[in-house]
Number of protein chains: 2
Amino acid sequence: MSKATEKAYTIIRENILNGGYPPGTHLKEGELVEKCGVSRTPVRDALRQLATDRYVVTHRNQGVFVNQWTVDDIKDIFELRSILESIVVERAAIHISSDDVANLKAIHLKIQTMLDQNGPPKVEVFLVENKAFHQILISAANSRTLADTLAQIVQPPLIAQTARQYTRQELQRSNDHHLDIINALEAKDGAWAASVMKTHIISAQRKFVNTYKDEET
Amino acid sequence: MSKATEKAYTIIRENILNGGYPPGTHLKEGELVEKCGVSRTPVRDALRQLATDRYVVTHRNQGVFVNQWTVDDIKDIFELRSILESIVVERAAIHISSDDVANLKAIHLKIQTMLDQNGPPKVEVFLVENKAFHQILISAANSRTLADTLAQIVQPPLIAQTARQYTRQELQRSNDHHLDIINALEAKDGAWAASVMKTHIISAQRKFVNTYKDEET
DNA sequence: TATAGCAATATTGTATACATTTATGATAAT
DNA sequence: ATTATCATAAATGTATACAATATTGCTATA
């Protein structure tokens with residue numbers, strides 16, 4: 001993505017994520033041009049990219065609209081992710097390098113250190129390190145198809161929304177899962193790793209569903 | 001997609017599929033404008049869409065290149081597809097309507113009629129009907145996430161390449177799988193349906209790998 | 001001869017004007 | 001009052017001119 005396109009992409013996405021453009025909003029190119037300070041061409045490019053990333057949907061000759069996710073959609077996403085990430089760690093158990101294992105341990109320690117501090121847990125730290133953790137595994141799985149597919153279904157807003165609801169205890173449990181996965185990988189036990197990962201993702205799904213079940217988007 | 005964009009998309013994709021633009025080819029916007037008879041804007045839109053459909057890859061300030069699939073990539077795609085389509089039929093076994101079952105039976109019959117004719121099997125008929133068959137299942141699975149994900153990993157060129165190599169006997173076997181799936185769905189036996197589907201896709205993978213294992217793209 | 005630097009060229013990125021389509025709202029007929 | 005029709009406006013679709021960037025190939029120098 002080029003500079004202007006990236007600028008527009010970032011601004012529009014931020015506004016979708018922070019609620020400035022609620023689901024269903026008609027995003028008009030003219031307004032976005034003003035808001036982003038670039039011309040229509042990069043705005044259109046950004047909208048196309050946002051469409052492939054599922055932030056918006058496009059209707060021919062009518063424009064683009066902020067995507068509407070239902071609770072069922074989100075349940076499906078978690079379910080699919082649990083399956084795909086299980087395969088990821090199964091494969092990672094075969095291919096992962098000792099360097100990457102060390103990196104995983106470092107991430108686990110960072111999150112643990114954060115959790116051991118007093119005061120409210122720093123969710124931002126968790127989000128960044130957690131993403132890095134999963135990214136190392138995906139890269140170790142050595143499958144472009146898996147990596148691309150996961151990248152497309154793992155919606156950042158969902159992860160963030162879920163994590164922000166976590167209590168310290170739940171974050172601790174999540175980090176415990178990470179440690180289990182590290183142990184499974186060191187034992188080169190793909191089935192174990194896959195099982196833990198499935199638990200790990202399903203926990204997140206249950207948390208999400210419990211939090212939002214009575215709201216319906 | 002608008003008219004001009006669609007025209008460009010179709011022309012460029014055809015040229016990729018029929019070998020006119022081999023993998024790795026640098027697709028220059030100027031040439032495509034001439035070839036497609038539309039201006040750069042719809043050409044660029046078409047290229048963006050081809051990128052999301054994985055026909056091409058984009059490098060910033062360098063342009064787009066026809067995507068290069070390795071045999072390992074393709075093995076991964078089949079593997080992932082076998083998993084996802086298994087889930088599809090598991091869910092379809094719960095939700096599918098009697099109308100859709102009837103449609104599946106009609107498709108099975110069409111392919112069977114084609115296979116019972118003398119002369120070389122009409123692969124085009126198989127491709128169209130086979131796609132329709134899987135599409136009905138995906139729609140019956142009632143999961144936008146699954147549908148979107150499968151749409152993105154099921155590369156038409158791969159299916160076509162594989163099917164064209166099929167002997168009449170192998171096409172017959174494929175259609176037999178379809179019948180098994182129909183029976184499993186009527187019995188509302190999701191596990192059975194999933195198992196058949198896995199066999200169905202893995203057969204295609206094995207066929208592909210056996211055909212191309214010594215060529216390497 | 002090999003390589004570094006630079007100029008020329010080609011290609012992509014961006015802005016904007018124009019065309020087409022769709023949405024809006026006023027007016028008139030039932 | 002309601003609906004159909006049409007004019008107007010506003011949005012998207014398309015084309016093209018201009019800007020920034022990357023590639024290419026030449027020349028000068030070691």
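Since this is a predicted model, take the numbers as computed values, not measurements.
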- Nearest-Å distance for atom pair CZ/C1', residues A/F65 and D/dA11: 10 Å
- Heavy-atom nearest nucleotide on DNA chain C taken for B/T58 and for A/Q62; more 5' hit belongs to B/T58
- Query: Nearest 0.5 Å, what's the CG-CZ distance between B/L32 and B/R40?
  - Reply: 10.5 Å
- Evaluate the ring planes of A/H178 and A/F133, with Trp represented by its six-membered ring, and classify them as parallel (under 30°), tilted (30 to 60°) or perpendicular (over 60°). parallel
- Note on the structure: Taken to the nearest whole Å, CE/A/M1 to P/C/dG13 is 12 Å
- Message: Using 30° and 60° as the class boundaries, would you call the ring planes of A/F208 and A/F78 parallel, tilted or perpendicular?
- Response: tilted
- Note on the structure: Whole-Å distance, A/R60 CZ to D/dG13 P, equals 9 Å
- Message: Check whether B/S139 reaches the backbone of B/Q135 with its side chain - one donor and one acceptor, N or O, closer than 3.5 Å.
- Response: no
- Message: I want to check one thing: is the phosphate of D/dG13, taken as OP1 and OP2, less than 4.0 Å away from some side-chain N or O of B/T5?
- Response: no
- Enumerate the residues from residues 39-46 of chain A whose closest heavy atom to DNA chain C is under 4.0 Å, giving them by residue number; use none for an empty result. A/S39, A/R40, A/T41, A/P42
- Task: Could you check whether the rings of B/H134 and B/H200 sit parallel, tilted or perpendicular, using 30° and 60° as the cut-offs?
- Result: parallel
- Message: Given 3.5 Å as the limit, does a donor-acceptor pair link the side chain of B/D45 with the main chain of B/P42, or not?
- Response: no
- Query: If you round to the nearest 0.5 Å, how far is CG of A/L104 from CG of A/L137?
  - Reply: 5.5 Å
- Message: Measuring to OP1 and OP2 of C/dT21, would you say a side-chain N or O of B/K3 lies under 4.0 angstrom away?
- Response: yes
- Query: Does any N or O in the side chain of B/S174 come within less than 3.5 Å of the main-chain N or O of B/E170, such that one atom is a donor and the other an acceptor?
  - Reply: no
- Item | Electrostatic pair A/R54:A/D73 at N-O distance under 4.0 angstrom | no
- For the residue pair A/F126 and A/Y166, categorise the inter-ring angle as parallel (less than 30°), tilted (30 to 60°) or perpendicular (more than 60°). perpendicular
- Can you check whether A/H108 and A/H177 have ring centres sitting under 6.0 Å from each other? no
- Per the under-4.0 Å heavy-atom filter, residues of residues 26-36 of chain B near DNA chain D come out as none
- Query: Below 4.0 angstrom from OP1 or OP2 of D/dT12, is there any side-chain N or O of B/S2?
  - Reply: no
- Message: What residues from residues 6-16 of chain A pass a heavy-atom cutoff of under 4.0 Å to DNA chain D?
- Response: none
- Query: Mapping B/N61 and A/H59 onto DNA chain D by nearest heavy atom, which one lands closer to the 5' end?
  - Reply: A/H59
